[in-house]
Amino acid sequence: MKKFLTLFTIAMAAVSCHDNPFFQTWDTPYGIPPFEKVRTSDYLPAIRQGIALQNQEIQQILSNPEAPDFENTIAALDRSGEVLGKASALLFAIIESDFSPALNKVVETATPLISEHSDNIFMNVALFERVKAVYEGDCSSLTREQQMLLKDYYESFVRNGVALPEESRERLKAINSELSMLALTFANNLLSESNNFNAQVGFPVSEYYDRMASISDRAEREKVFRAYSTRCAHGDEFDNRANVLREMELRIEKAHLLGFDTPAAFILDDKMAHDPATVDTFLAEIMDAAMARAREEVEDMQDVMDGDIAEGLLPGGSKIEPWDYLYYGERVRKARFDFDESEAMEYFKMENVRAGVFANASKLYGISFEPIAGVGLYNPEAEAFKVSDADGSLIGVIITDYYPRDTKRGGAWMTNFVEQYKTPDGRDIRPVIVNVGNFNKPSAEKPSLLTIDQVETMFHEFGHALHGLLSQCTYRSLSGTSTKQDFVELPSQINENWAFRKEVLQTYAFHYKTGEVIPDELVAKMEAASTFNQGFVTGELCAASILDMKWHELSSVEGIDVDEFESKVCSDMGLISEIIPRYRSTYFNHVFGSSGYSAGYYGYLWAEVLDKDAFQVFVREGVLNPQTGRRFRDCILSRGGSEEPMTLFRNFTGADPNPEYLLKARGLK
């Protein structure tokens, strides 16, 4: 440790970065990054020097004359790269929610540097030999968490091609570098196109589903639908079709170099599902159930449309089209359940919903939340809260940033500014986490009133936050959400189950004018309508998952046209013509704007099987039972990637997951 500090001091002096906050200990409340002190010009020096420092740390591991063991090789490797980690965590989190051209130029420079550096580590043959020696040695004295960390590092080296000939390793480095830049270009194109969509139709992308349910002018609906569904596919500078094909070409080449027939086979090899056939079978069953229901939904909507035809509002022979689904679906829902979502929204003031999210976590997990005043954050719209345990100890910080702006990409997500881990001297570094959304903004007339979907999204993303906040891992690489990709949605999706429970609604659903708690009659209508239109909702999600899989099951993209390929995939999966995938290829940011969900978007449905089954434990024992909550916290939320996911699941439920609960919860069975 002393040697590392000496190297660190020399390095800082050499580059004269004494005022760069990434080279300083953050003497801030609860370890919150000093956002107000970070300048755009600070990132690249910190990243470059962070790379140099980590290289020195790795050289120390390699030059250690002692035989490789867990502490001097695996733990040392996991502790390395602190400066690089601090700078890159902020950079890549802020560019997503507070974009600027200057910051984007930094990202464009930093991305290939970090990609190359990562490859240099995981393709370092000498370093792998030390890792391999530990992996093949006697591991019986290691804790289970240490065994998992060792396994993860060993497999990461192998999956990064360390055992390949040098020529192949160099080619992999070039592929990874180009893929990282293509993903950045894809995401930037989508941000620009989403802003163009806003300018064209008069509202942000995040409001698309709600607006399409209320636009009565059919020609206007079609205009909005076509603007939305053709984003990044107009043949202009923001067209992403060439990016999609090039990314797939490179992912296929990478899979072949690593000995796999397709990218899907490579990606799934270390996931819970393990192979493409398992995922394909899983999705096909859900798609069949969803389309059976969707055809019934179309018939119901057509009856309403026929009434409009009879009244002369539409020409004879009009049929339900994709731009009609949400509008006529809402009309059927209103007629069938006497339920108007706009009435429910009056009880979902953003601040109240957030308080309800916090209160629910307090009851289940024994934690408390307190606003933090006087700290500078990356944007004035963001707010920070201290999270404490029942004994008063610090759990971490949650930052919320819920409103759309031109500098923020669409959707909702959770990420870490600071990861949880334990230092060698026993200090528990507590996490700083952000939940980002694109919810309805307040106006001069009304506060922010959330839709049902937005309420559910807030609960969902806070489930991810709980996974990060309640982490109790020793090693940074295993903490929080650092789990297998098709398990990571379990904590977020199970948290949705509390959103509209009557006993939970009574804690936060107050009318924004009168303060009246949401009436039982309205709650009953919400419950009755909760599984309505699930053919559409499940179908578009499942369709996107299948589209993702089919792209990654290709062994070549020669001769492929993006639009034709997507059309054939949709036809082959049985997707009815009135529905399109939730994300079409050119704006499928989960898959092509990063690699996080490549051949992995199915994980939302896969994890829903887990969450609906696990929630039955709460149903049996009491949905707000703190003892059950404590078991879930101990078995799942605190464990990160320190154990195999299925073991964690079985430890909580006592059995394997039952897929029946997913179909039942969605009203499909």
Side-chain angles (χ1 to χ4, degrees), residues 30-32 89 144-145 148-149 354 356-370 372 384-400 413-423 426-435 458-484 487-499 504 607 610-611 614-615 617-618 623-645 647-649 651-653:
Y30 319 114
I32 297 173
R144 183 57 180 155
E145 183 179 2
M148 287 295 295
L149 185 68
R354 181 174 59 192
V357 169
F358 290 172
N360 192 65
S362 296
K363 290 176 182 176
L364 287 169
Y365 309 118
I367 60 181
S368 60
F369 300 82
E370 178 187 346
I372 301 173
F385 300 83
K386 175 188 175 185
V387 188
S388 302
D389 215 337
D391 62 2
S393 61
L394 177 67
I395 285 178
V397 171
I398 173 72
I399 298 170
T400 64
W413 62 94
M414 165 270 188
T415 194
N416 282 65
F417 285 121
V418 177
E419 302 276 357
Q420 181 272 326
Y421 66 99
K422 294 177 182 175
T423 64
R427 288 185 301 118
D428 188 0
I429 305 300
R430 298 314 303 169
V432 178
I433 287 169
V434 62
N435 270 175
M458 189 187 288
F459 272 83
H460 176 101
E461 295 305 333
F462 192 71
H464 282 309
L466 287 169
H467 202 185
L469 286 165
L470 297 176
S471 177
Q472 288 291 347
C473 295
T474 301
Y475 303 101
R476 185 163 29 202
S477 297
L478 297 178
S479 73
T481 57
S482 298
T483 69
K484 291 190 185 299
F487 183 75
V488 75
E489 295 297 332
L490 166 59
S492 57
Q493 292 185 180
I494 197 172
N495 207 51
E496 296 175 22
N497 289 280
W498 281 277
V504 177
L610 305 179
D611 96 66
F615 189 67
V617 179
F618 286 95
V623 293
L624 292 175
N625 186 325
Q627 285 75 37
T628 311
R630 184 73 212 195
R631 285 206 340 267
F632 188 74
R633 174 178 174 174
D634 292 342
C635 291
I636 305 288
L637 296 177
S638 69
R639 298 295 302 278
S642 64
E643 180 55 275
E644 294 292 349
T647 301
L648 297 179
F649 180 86
N651 287 345
F652 177 67
T653 64

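Please read all numbers here as calculations on a predicted model, not as lab measurements. Numbers for residues simply follow the sequence, beginning at 1.
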(request) Can you measure from CG (N625) to CZ (R630) and round to the nearest 0.5 angstrom? (result) 13.5 Å
(request) Could I get the full list of side chain to side chain donor-acceptor pair (under 3.5 Å) partners for R144, not counting sequence neighbours? (result) Q147, E643
(message) Give me the atom names and distance for the closest heavy-atom approach of F618 to L364.
(response) CE2-CD2, 3.9 Å
(message) H464: which residues meet the ring-ring contact (aromatic ring centres under 6.0 Å, His included) condition with it, sequence neighbours left out?
(response) H460
(request) Hey, could you give me each pair passing side chain to side chain donor-acceptor pair (under 3.5 Å) that has a residue in residues 385-395? Not counting sequence neighbours. (result) D389-R633, D391-S393
(message) Ignoring hydrogens, what is the shortest heavy-atom contact between M414 and A465? Give both atom names and the distance.
(response) CG-N, 4.0 Å
(message) Treating D634 as the side-chain partner and R631 as the backbone partner, does any N or O pair qualify as donor plus acceptor under 3.5 Å?
(response) no
(request) Please list, chain by chain and in numerical order, all residues satisfying side-chain contact (heavy atoms from CB on, under 4.5 Å) with P491, sequence neighbours excluded. (result) H467, I636, L637
(message) Nearest 0.5 angstrom please: L648 CG to F652 CZ, how far?
(response) 12.0 Å
(request) With the side chain counted from C-beta on, respond yes when I32 and I372 share a heavy-atom pair under 4.5 Å apart, and no when they do not. (result) yes
(message) Would you say that V617 contacts F632 through its side chain, given a criterion of any heavy-atom pair below 4.5 Å between the two side chains?
(response) no
(request) Return the set of residues passing side chain to side chain donor-acceptor pair (under 3.5 Å) with T400 (not counting sequence neighbours), or none when no residue passes. (result) R354
(message) To the nearest 0.5 Å, what is the distance between CD1 on I433 and CG on L469?
(response) 4.0 Å
(request) State which residues pass salt bridge (Lys or Arg N to Asp or Glu O under 4.0 Å) with R430; sequence neighbours excluded, sorted by chain then number. (result) D428
(message) Please find the pair of heavy atoms, one from C635 and one from N651, that lie closest to each other, and give the distance.
(response) SG-O, 3.9 Å
(message) Treating W498 as the side-chain partner and V357 as the backbone partner, does any N or O pair qualify as donor plus acceptor under 3.5 Å?
(response) no
(message) Can you confirm whether I367 sits close enough to L470 that some side-chain heavy atom of one is under 4.5 Å from a side-chain heavy atom of the other?
(response) yes
(request) Please round to the nearest 0.5 Å and tell me the distance separating atom CD1 of I429 and atom CG of L394. (result) 10.5 Å
(message) Could you measure the distance from the CD atom of E145 to the OG1 atom of T474? Nearest 0.5 Å is fine.
(response) 4.0 Å
(request) Using the test ring-ring contact (aromatic ring centres under 6.0 Å, His included), find all partners of F462 that sit at least two apart in sequence or belong to another chain. (result) F358, F369
(request) Among residues two or more places apart or on two chains, list those pairs meeting side chain to side chain donor-acceptor pair (under 3.5 Å) that have a residue in residues 357-370. (result) none
(request) Just jot down the ring-ring contact (aromatic ring centres under 6.0 Å, His included) partners of F417, sequence neighbours excluded, or say none. (result) F35, Y378
(message) Under the rule for ring-ring contact (aromatic ring centres under 6.0 Å, His included), what residues qualify as partners of F487, not counting sequence neighbours?
(response) none
(request) Please report the closest heavy-atom contact between V504 and F459, naming both atoms and the distance. (result) CG1-CZ, 4.4 Å
(message) Can you list everything that forms a side-chain contact (heavy atoms from CB on, under 4.5 Å) with S482? Sequence neighbours excluded, please.
(response) none
(message) For a quick test of reading the model, state the closest non-hydrogen atom pair linking Q493 to A607 and the distance between them.
(response) NE2-C, 3.6 Å
(message) Given 3.5 Å as the limit, does a donor-acceptor pair link the side chain of S479 with the main chain of Q420, or not?
(response) yes
(request) Measure the spacing between CD of E644 and CE of M148 and express it to the nearest 0.5 Å. (result) 4.0 Å
(message) My understanding is that only residues two or more places apart in sequence, or in another chain, count here; which of them pass side chain to side chain donor-acceptor pair (under 3.5 Å) with T628?
(response) E621
(message) Give me the atom names and distance for the closest heavy-atom approach of I395 to P431.
(response) O-CD, 3.3 Å
